[in-house]
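Structure first, then comments.
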Amino acid sequence: MRSLVSRSNRVVTVTNRSNGTITNVQVKFGPYVASQIWETNSAESVVSTAPLLNPVPVVGAMRGAQFTLNGHTEATLVNNPPVLTFTDEGGVRWSVDDQGVYTELGSGT
């Protein structure tokens with residue numbers, strides 16, 4: 001998971017280290033969605049000047065997105081670990097939990 005996602009309690013950075021694009025990229029903290037999303041480069045530095053849409057439509061190769069959840073207590077964050085979902089170039093939907101476990105969700109879900 002480290003190659004795809006790094007996180008603090010309120011911030012999850014997703015980095016696409018593949019040669020292709022990933023689409024429909026979203027991070028949820030239980031039922032809560034990120035309140036701010038910024039584009040990042042391969043060094044995980046924010047490079048956008050305006051926030052991105054949620055879910056992020058496309059993350060290109062060696063690019064990323066930083067998802068921030070604001071306005072919640074530490075207990076809420078602990079009880080709702082982040083889960084990343086995205087679709088790969090083959091059209092397969094994936095989820096990645098906070099332990100780095102990838103689960104195939106199938107195509108078109």
Side-chain angles (χ1 to χ4, degrees):
M1 187 170 185
R2 180 69 183 139
S3 65
L4 186 62
V5 176
S6 62
R7 78 176 187 110
S8 69
N9 284 341
R10 289 181 165 75
V11 177
V12 174
T13 303
V14 177
T15 304
N16 177 10
R17 299 198 189 283
S18 74
N19 291 326
T21 59
I22 58 176
T23 60
N24 197 22
V25 182
Q26 186 171 46
V27 173
K28 287 188 175 182
F29 298 77
Y32 308 105
V33 295
S35 51
Q36 293 181 336
I37 306 169
W38 302 96
E39 183 180 10
T40 62
N41 60 22
S42 60
E44 299 182 359
S45 299
V46 172
V47 295
S48 57
T49 57
L52 301 174
L53 297 174
N54 191 5
V56 178
V58 177
V59 175
M62 303 309 293
R63 303 302 285 184
Q66 184 180 84
F67 296 79
T68 304
L69 182 68
N70 292 318
H72 294 278
T73 66
E74 194 66 28
T76 297
L77 296 168
V78 168
N79 292 323
N80 295 283
V83 175
L84 162 69
T85 55
F86 68 94
T87 303
D88 67 18
E89 278 195 316
V92 177
R93 190 90 177 132
W94 295 91
S95 71
V96 185
D97 68 17
D98 66 327
Q99 300 300 309
V101 176
Y102 286 70
T103 302
E104 184 177 333
L105 302 176
S107 58
T109 58

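Note that the numbering runs from 1 along the sequence shown for the chain.
- Between the OG1 atom of Thr15 and the CD1 atom of Ile22 there is a distance of 9.0 Å, given to the nearest 0.5 Å.
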Audit row: Trp38, Leu52, side chain to side chain contact (heavy atoms under 4.5 Å, CB included) steps and yes/no: CA-CA 6 Å; Trp38 302 96; Leu52 301 174; 5.8 Å; no

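- Between Arg63 and Asn41 the shortest side-chain heavy-atom distance falls below 4.5 Å.
- To the nearest 0.5 Å, the span separating OG1 on Thr21 from CG on Asn16 amounts to 7.5 Å.
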Steps toward ring-ring contact (aromatic ring centres under 6.0 Å, His included) verdict (Phe29, His72): CA-CA 10 Å; Phe29 298 77; His72 294 278; 8.3 Å; no

From CA spacing to verdict: side chain to side chain contact (heavy atoms under 4.5 Å, CB included), Gln36, Arg10: CA-CA 11 Å; Gln36 293 181 336; Arg10 289 181 165 75; over 6 Å; no

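- Residues Thr85 and Val25 have side chains not in contact (no heavy-atom distance under 4.5 Å, counting atoms from C-beta outward).
- We find the OG-CG distance between Ser35 and Leu69 to be 5.5 Å, quoted to the nearest 0.5 Å.
- Residues Ala61 and Ser18 share a closest heavy-atom pair of CB-O, 3.1 Å.
- Contact record, Asn80 with Gly30: OD1-CA, 3.5 Å, taken as the closest heavy-atom pair.
- Rounding to the nearest 0.5 Å gives a distance of 10.0 Å between OG of Ser95 and CD of Glu104.
- The closest side-chain heavy-atom distance from Asp88 to Trp94 is below 4.5 Å.
- Taking the side chain as every heavy atom from C-beta outward, Asn79 and Leu77 never approach each other to under 4.5 Å.
- Both Val96 and Val92 belong to a common hydrophobic cluster when Ile, Leu, Val, Met, Phe, Trp and Tyr are linked at side-chain heavy-atom distances under 4.5 angstrom.
- Thr87 and Arg93 share a donor-acceptor pair across their side chains, judged by distance under 3.5 Å alone.
- Residue Pro82 is tested with Val27, Val14, Val11 for a side-chain contact (heavy atoms from CB on, under 4.5 Å); the sole match is Val27.
- Summarising the geometry, atom CZ belonging to Phe67 is positioned 4.5 Å from atom CD1 belonging to Ile37; distances are rounded to the nearest 0.5 Å.
- Side-chain contact between Met62 and Asn19 is absent, with no heavy-atom pair separated by less than 4.5 Å.
- Here Val33 pairs with Gln26, Lys28, Asn54 under the side chain to side chain contact (heavy atoms under 4.5 Å, CB included) rule; sequence neighbours left out.
- When hydrophobic clusters are built by joining Ile, Leu, Val, Met, Phe, Trp and Tyr residues whose side-chain heavy atoms come closer than 4.5 Å, directly or via intermediates, Leu105 is not grouped with Val83.
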